[in-house]
Amino acid sequence: MGAIPVQNEGSELAGMRAALRVLQKGGTLALFPEGHICQTDKLCPFQTGWVYLALKTGAPVVPVAIKGTESVLPLGAVFPRRGKIYMQIGAPWGLEKVWRPGQETMAALNMRLVSQMEQMLNEN
């Protein structure tokens, strides 16, 4: 499926470089900004890797909120169960390409995404 692991010890830098190459060639990535599976129905803290990739390449960001996964694949389950999953797709963000993204800019954009995702998850 073309997955790029970035959480394994020692593979984070290689994963980021691979992700940068995909975006620089005009490809698409699906990223999970929490960086792991949350064990609650609330958002876990977001990592800033997605912001770095978007700013470094100028790639648009399309926020997607997914609800219902905890009943389809509960923690510890090996196989998914039948159930409904809901996705809400937000409007794309156009970000300017930045040679060296600063920590403050990345933190602000990270908080913006957290806010938007919380709002999307609370709708309906």
Would you say the side chain of [Y] lies within less than 4.5 Å of the side chain of [X], judging by non-hydrogen atoms?
X	Y	result
L43	E118	yes
P74	R81	yes
V98	K56	no
P45	E34	no

Problem - Main-chain N/O of L53 paired to T57 side chain as donor or acceptor, under 3.5 Å - result: yes

Handout entry: Members sharing V64's hydrophobic cluster (side chains within less than 4.5 Å)
Key =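 Members alongside V64: V62, I66, V72, I85, M87, I89.
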
Exercise for the section: Verify side chain to side chain contact (heavy atoms under 4.5 Å, CB included) between L121 and K67, making sure each step is shown before the conclusion. Expected result: CA-CA 7 Å; L121 288 169; K67 289 201 288 193; 3.3 Å; yes

Handout entry: Residues which pass side-chain contact (heavy atoms from CB on, under 4.5 Å) with A91, listed by chain and number, not counting sequence neighbours
Key =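 None.
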
Exercise for the section: Quick one: list whatever passes side-chain contact (heavy atoms from CB on, under 4.5 Å) with F32, sequence neighbours left out. Expected result: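 With neighbours one apart ignored, the set is empty.
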
Show the atom names and distances, to 0.1 Å, of all donor-acceptor pairs under 3.5 Å that link a side chain in residues 106-116 to residues at least two apart or in another chain.
unit_1, atom_1, unit_2, atom_2, d
N110, OD1, W50, NE1, 2.7
N110, ND2, F46, O, 3.2
Q116, OE1, W93, NE1, 2.9

Handout entry: Check: Q88/E123 side-chain N/O donor and acceptor closer than 3.5 Å
Key = yes

Using residues 18-29 as the side-chain source, report each donor-acceptor pair under 3.5 Å to any protein atom, sequence neighbours left out, with the distance given to one decimal.
none

